[in-house]
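Working notes, beginning with the structure itself.
Read the numbers this way: they start at 1 and go in the same order the structure lists the ligands and their atoms. Predicted, not measured: the structure shown is a model, and the values here were computed from it.
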Amino acid sequence: MMMKTMSGKVIDGRKIAREVGGGLKKEVETLGKRGIVPRVAVILAGNDQASEIYVRNKRRKAGTLGIESELFRFGSDASQEEIEDCIRKLNNDKNVHGILVQLPLPGHIDRNKIVSLIDPGKDVDCFHPENVGKNTIGGMNSTMVPVTATGIMKLLEFSGIPIEGKKAVVVGRSNVVGKPTAIQLLHAGATVTVCHSKTEDLKKECLEADILVVATGHAGLVTANMVKDGAVVIDVGISALPEGEMVGDTDFEKVKEKASFITPVPGGVGPMTIIMLMRNVVEAAKAREQE
Ligand code: NDP
């Protein structure tokens with residue numbers, strides 16, 4: 001018998017981000033009528049080229065939504081104290097609603113200490129232990145939500161993809177992407193497996209997935225023979241090939257033939273991450289107004 005060949009519907013993250021952004025822009029306009037302009041401070045330390053691009057893109061998106069942003073730039077030799085002082089000042093500045101520390105920080109900086117110093121109400125990346133805790137417990141109406149994880153959930157929601165009862169496999173266990181995504185999928189009723197570099201048989205685990213989220217930064221890690229027919233594939237990874245082309249963690253063209261839905265790189269999860277970051281800035285400004 002001939003097998004029906006799946007050909008994955010490519011999820012347009014840019015389009016969904018535009019839709020979410022349209023709503024945010026209206027909220028910013030409404031706040032503006034009450035004299036409030038959402039404002040985010042961005043801290044960039046070192047000279048990581050990818051970070052430069054991410055910061056530029058985030059600030060550009062903020063600008064298009066009417067959100068003000070200010071860049072605080074430090075050299076790669078910046079001290080822990082200098083960055084901490086900057087955060088303390090921003091915590092106390094009532095005109096700053098969000099503080100974003102672009103990662104990675106230079107190796108000698110204690111990242112956990114920096115993140116824990118940010119006022120949880122201004123922690124728009126949702127890295128502070130209080131915000132991580134609230135989002136892990138669930139049902140706590142946290143003002144801040146994990147941006148990539150929530151961006152992925154929105155992509156699934158807007159694409160009409162059911163989650164409850166489905167088997168989800170998340171490849172990657174970082175605090176930035178893997179863990180919060182696994183938690184959100186769990187809250188939505190999926191049965192979740194989290195894989196990482198020590199997983200013994202990655203192919204076997206991936207083949208179980210109805211929803212496969214890949215976030216490793218390892219270009220082309222997931223090949224078509226690791227994907228079940230009809231699976232939904234969310235590719236979070238971003239790698240630059242030597243020629244400069246940006247690619248994800250999946251062998252996109254071949255995996256697309258097996259998947260029912262797939263996100264491209266670029267143009268999939270990336271735009272959603274930025275828009276959810278902006279959502280957090282707007283929510284932080286709204287919460288501050290109510291204080
Ligand atoms: P990290 O490097 O912090 O984590 C990578 C994870 O992948 C780790 O848990 C690691 O396992 C796992 N891993 C690495 N290699 C393998 C392998 N061969 N098999 C199985 N698991 C593996 O990265 P992040 O989570 O911060 O980011 C992941 C990717 O997503 C990067 O490419 C990053 O650029 C991208 N990204 C994209 C965003 C977007 O908006 N599109 C937002 C944020 C990140 P272990 O823990 O055992 O080391």
**Item:** Whether T191 side chain and K167 backbone form a donor-acceptor pair below 3.5 Å
**Value:** no

**Asked** Counting only heavy atoms, which portion of T216 has something under 4.0 Å from ligand 1: side chain, backbone, both, or neither?
**Response** both

**Prompt:** If you measure from each heavy atom of C195 to ligand 1, is any distance below 4.0 Å?
**Reply:** no

**Prompt:** Which is it for T199 and ligand 1 at heavy atoms under 4.0 Å: side chain, backbone, both or neither?
**Reply:** neither

**Request:** Quick one: look up the protein heavy atom nearest atom 25 (O) of ligand 1 and list residue, atom name and how far away it is.
**Result:** S174 OG, 2.5 Å

**Message:** Is the contact between H218 and ligand 1 made by the side chain, the backbone, both, or neither, using heavy atoms and a 4.0 Å cut-off?
**Reply:** side chain

**Asked** Any non-hydrogen atom of S239 lying under 4.0 Å from ligand 1?
**Response** no

**Asked** Protein heavy atom under 4.0 angstrom of atom 2 (O) of ligand 1, is there one?
**Response** no

**Fill in**
Ranking G178, A215, G248 by closest non-hydrogen atom to atom 6 (C) of ligand 1, top hit is A215

**Prompt:** Any idea which protein heavy atom is nearest atom 33 (C) of ligand 1, and the distance to it?
**Reply:** I238 N, 4.3 Å

**Prompt:** What is the closest protein heavy atom to atom 46 (O) of ligand 1, and at what distance does it sit?
**Reply:** R173 NE, 2.7 Å

**Side-chain (N280) to main-chain (V145) donor-acceptor, under 3.5 angstrom** = yes

**Request:** Give me the one residue out of T223, T263, D235 that meets side chain to side chain donor-acceptor pair (under 3.5 Å) with T250.
**Result:** D235

**Prompt:** With only distance considered, is V236 within less than 3.5 Å of ligand 1 through an N or O on each side?
**Reply:** yes

**Heavy-atom nearest neighbour in the protein, as seen from atom 21 (N) of ligand 1, with distance rounded to 0.1 Å** = H196 C, 3.1 Å

**Asked** In chain order, what residues pass the salt bridge (Lys or Arg N to Asp or Glu O under 4.0 Å) check against R73, with sequence neighbours excluded?
**Response** E52

**Request:** Answer yes or no: is there a donor N or O on one side and an acceptor on the other, between the side chain of D210 and the main chain of K166, under 3.5 Å?
**Result:** no

**Item:** Enumerated ligand 1 atoms positioned under 4.0 Å from heavy atoms of T273
**Value:** 39 (C), 40 (O)

**Message:** Using only atom types and a distance under 3.5 Å, with no angle test, would you say the side chain of N91 pairs donor to acceptor with the backbone of D119?
**Reply:** yes

**Numbered atoms and elements of ligand 1 in range of V177, under 4.0 angstrom, heavy atoms** = 25 (O), 43 (C), 44 (C)

**Asked** Which protein heavy atom lies closest to atom 29 (C) of ligand 1, and at what distance to 0.1 Å?
**Response** G217 N, 3.6 Å

**Message:** Please list, in number order, the atoms of ligand 1 under 4.0 Å from a heavy atom of G172.
**Reply:** 6 (C), 7 (O), 9 (O)

**Message:** I need the contact type for T148 against ligand 1. Using non-hydrogen atoms and a strict under-4.0 Å cut-off, is it side chain, backbone, both or neither?
**Reply:** side chain

**Prompt:** Which of the atoms of ligand 1 are close to L221, meaning less than 4.0 Å from one of its heavy atoms?
**Reply:** 17 (C), 18 (N), 19 (N)

**Prompt:** Who's the nearest protein heavy-atom neighbour of atom 11 (O) of ligand 1, and how far?
**Reply:** S197 N, 3.2 Å

